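Positions are given from 1, in the same order as the sequence printed here. Since we're looking at a predicted model, the values are computed, not measured.
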Amino acid sequence: MAEPKPTKDLPQTPNWHRKDLLGIRELEIGEIEMILDTAAAFKTVGARDIKKVPALRGKTMVNFFAEPSTRTRTSFELAAFRLSADVVNISATTSSLQKGETLKDTALNLQALHADIIVLRHSSAGAPKFLADRLNSSIINAGDGAHEHPTQALLDVFTIREHLGKIEGLKVAIVGDILFSRVARSNIWALKKLGAKVTLVGPSTLVPRSFEEMGVTVARHIDDILESADVINLLRIQHERQRKEYFPNLNEYIRFFGLTKARGAKLKPSCLIMHPGPINRGVEIDSDIADGLQSVILAQVTNGLAVRMAVLYLCSTAARKVR
């Protein structure tokens with residue numbers, strides 16, 4: 001087997017100084033753009049016969065998921081493999097959290113075993129920040145409660161920039177359960193920082209007017225944004241984080257907020273259809289649209305791998321400087 005390309009071929013990171021990625025809110029515009037540019041460089045690795053570079057050779061990444069995940073967990077695992085890191089996967093059900101051990105003690109034990117990077121998904125908002133303040137290991141937020149999901153937002157803006165060539169000035173609609181969505185919050189921060197005009201669409205129970213304080217507009221009917229949107233990002237209903245009274249009945253939701261085939265016909269030909277997954281077909285989106293030419297849902301998954309390679313590489317490089 002051929003050896004991976006040498007380290008000198010890797011992207012340069014002269015201005016990156018964060019050992020952790022905790023959220024989009026605290027990132028500067030230049031930092032977001034650096035992640036996107038680094039991801040673009042790493043995306044070319046996927047086109048090689050040998051899909052590896054030695055950037056994290058000798059490093060260990062722990063995938064610590066205290067909540068269920070398919071796409072994010074697998075994407076981080078593959079990203080680490082492609083950077084030549086060793087990977088350990090831990091779930092809450094197989095960890096000592098089940099025996100009463102605290103998150104802090106579990107993480108300190110992982111650090112004592114020389115874990116260089118801990119990718120954490122947790123139901124409590126702020127859990128990644130809690131660990132980042134106490135550990136020397138790099139902490140990557142893979143979703144904390146309804147707070148943030150930074151790598152999802154980064155792969156979303158990467159996908160938009162890749163397909164439309166820019167973010168600034170675009171009209172982006174985020175449709176669905178905004179109140180309980182960490183994806184929505186991270187996307188709002190990323191899109192606003194990069195100059196997009198963001199509209200949130202959903203029922204008042206799931207999209208309260210308080211979100212307007214983030215510099216977005218609120219619409220109560222998906223038909224209000226169909227003809228003007230450059231991007232529509234559809235979110236699933238977060239049943240696991242909400243009470244029944246927050247959610248209208250299914251038929252009512254589809255009537256006002258579902259992207260049906262008839263509504264899809266009103267979109268601009270250049271409008272991108274996005275979804276972070278998992279998709280509830282026939283609820284937030286019709287199958288014909290999810291699988292149609294304007295859908296970039298699978299491109300998001302592909303780009304997530306490049307973005308997470310970039311994040312792991314940048315944070316690991318900064319951690320070496322700090323230590």
Side-chain angles (χ1 to χ4, degrees), residues 7 10-43 53 55-64 72 75-76 79-80 82-85 87 103-104 107-108 110-111 114-122 124-145 147-158 161 167 182-183 185-194 303-323:
T7 308
L10 297 173
Q12 298 302 304
T13 61
N15 300 317
W16 186 266
H17 63 279
R18 298 180 187 271
K19 77 174 184 68
D20 312 299
L21 179 67
L22 305 177
I24 301 296
R25 185 173 185 175
E26 65 264 26
L27 296 184
E28 301 292 334
I29 295 173
E31 292 177 309
I32 295 174
E33 291 175 339
M34 183 179 295
I35 294 173
L36 301 184
D37 292 341
T38 305
F42 275 128
K43 188 172 181 180
V53 290
L56 297 187
R57 179 179 287 164
K59 300 293 182 181
T60 300
M61 185 195 81
V62 175
N63 250 351
F64 189 2
T72 303
S75 184
F76 268 113
R82 290 194 176 181
L83 294 169
S84 302
V87 179
L103 175 65
K104 176 186 174 182
L108 285 171
L110 294 175
Q111 180 172 263
H114 305 292
D116 300 287
I117 304 167
I118 298 175
V119 177
L120 178 66
R121 170 167 288 189
H122 201 278
S124 297
K129 177 70 163 60
F130 176 82
L131 292 187
D133 290 343
R134 291 162 175 79
L135 272 65
N136 293 323
S137 303
S138 290
I139 307 297
I140 310 298
N141 182 2
D144 59 332
H147 177 231
E148 280 219 45
H149 191 350
T151 57
Q152 181 66 50
L154 289 166
L155 73 88
D156 287 346
V157 294
F158 182 93
R161 191 180 76 163
I167 304 292
R182 54 194 173 209
V183 171
R185 285 172 173 80
S186 289
N187 263 279
I188 291 168
W189 289 119
L191 290 163
K192 291 296 296 179
K193 286 174 186 284
L194 296 175
N303 290 336
L305 183 56
V307 164
R308 289 171 178 126
M309 288 176 71
V311 167
L312 293 174
Y313 173 61
L314 290 168
C315 289
S316 177
T317 300
R320 287 196 293 268
K321 294 174 183 176
V322 171
R323 295 166 195 162

Is the shortest side-chain heavy-atom distance between [X] and [Y] below 4.5 Å?
X	Y	value
Ile35	Phe158	no
Gln111	Asn136	yes
Met61	Leu56	no
Cys315	Ile117	no
Phe42	Val53	yes
Leu21	Leu27	yes
Ile139	Phe64	no

Looking at [atom1] of [X] and [atom2] of [Y], how far apart are the two atoms once the value is rounded to the nearest 0.5 Å?
X	Y	atom1	atom2	answer
Leu131	Ile118	CG	CD1	6.5 Å
Ser84	Lys59	OG	NZ	13.0 Å
Asp20	Ile140	CG	CD1	6.5 Å

Of the non-hydrogen atoms in [X] and [Y], which two are nearest, and what is the gap between them?
X	Y	answer
Leu312	Ala79	CD1-CB, 4.0 Å
Ala190	Val157	CB-CG1, 4.0 Å
Ser138	Lys19	OG-O, 2.7 Å
Ala115	Val62	CB-CG2, 3.7 Å
Thr72	Ala142	CG2-CB, 4.1 Å
Ile24	Ala153	CG1-CB, 4.1 Å

Main-chain N/O of Arg25 paired with Lys193 side-chain donor or acceptor, under 3.5 Å: yes

Arg185 side chain to Glu148 backbone, donor-acceptor under 3.5 Å: no

Partner set under side-chain contact (heavy atoms from CB on, under 4.5 Å) for Arg161, not counting sequence neighbours: Leu36, Asp37, Ile167

Side chain to side chain donor-acceptor pair (under 3.5 Å) partners for [X], two or more places apart:
X	result
Arg308	Ser75, Thr151
Asn141	Asp144
Asn63	Asn89
Lys129	Asp133

Side chain to side chain contact (heavy atoms under 4.5 Å, CB included) between Leu194 and Glu33, intermediate numbers included: CA-CA 9 Å; Leu194 296 175; Glu33 291 175 339; 4.2 Å; yes

Salt bridge (charged side-chain N to carboxylate O under 4.0 Å, His left out) against Lys43, all qualifying residues, sequence neighbours excluded: Glu162

Derivation and outcome, side chain to side chain contact (heavy atoms under 4.5 Å, CB included), residues Thr38 and Tyr313: CA-CA 9 Å; Thr38 305; Tyr313 173 61; 4.1 Å; yes

Presence of salt bridge, Arg18 and Glu31, under 4.0 angstrom: yes

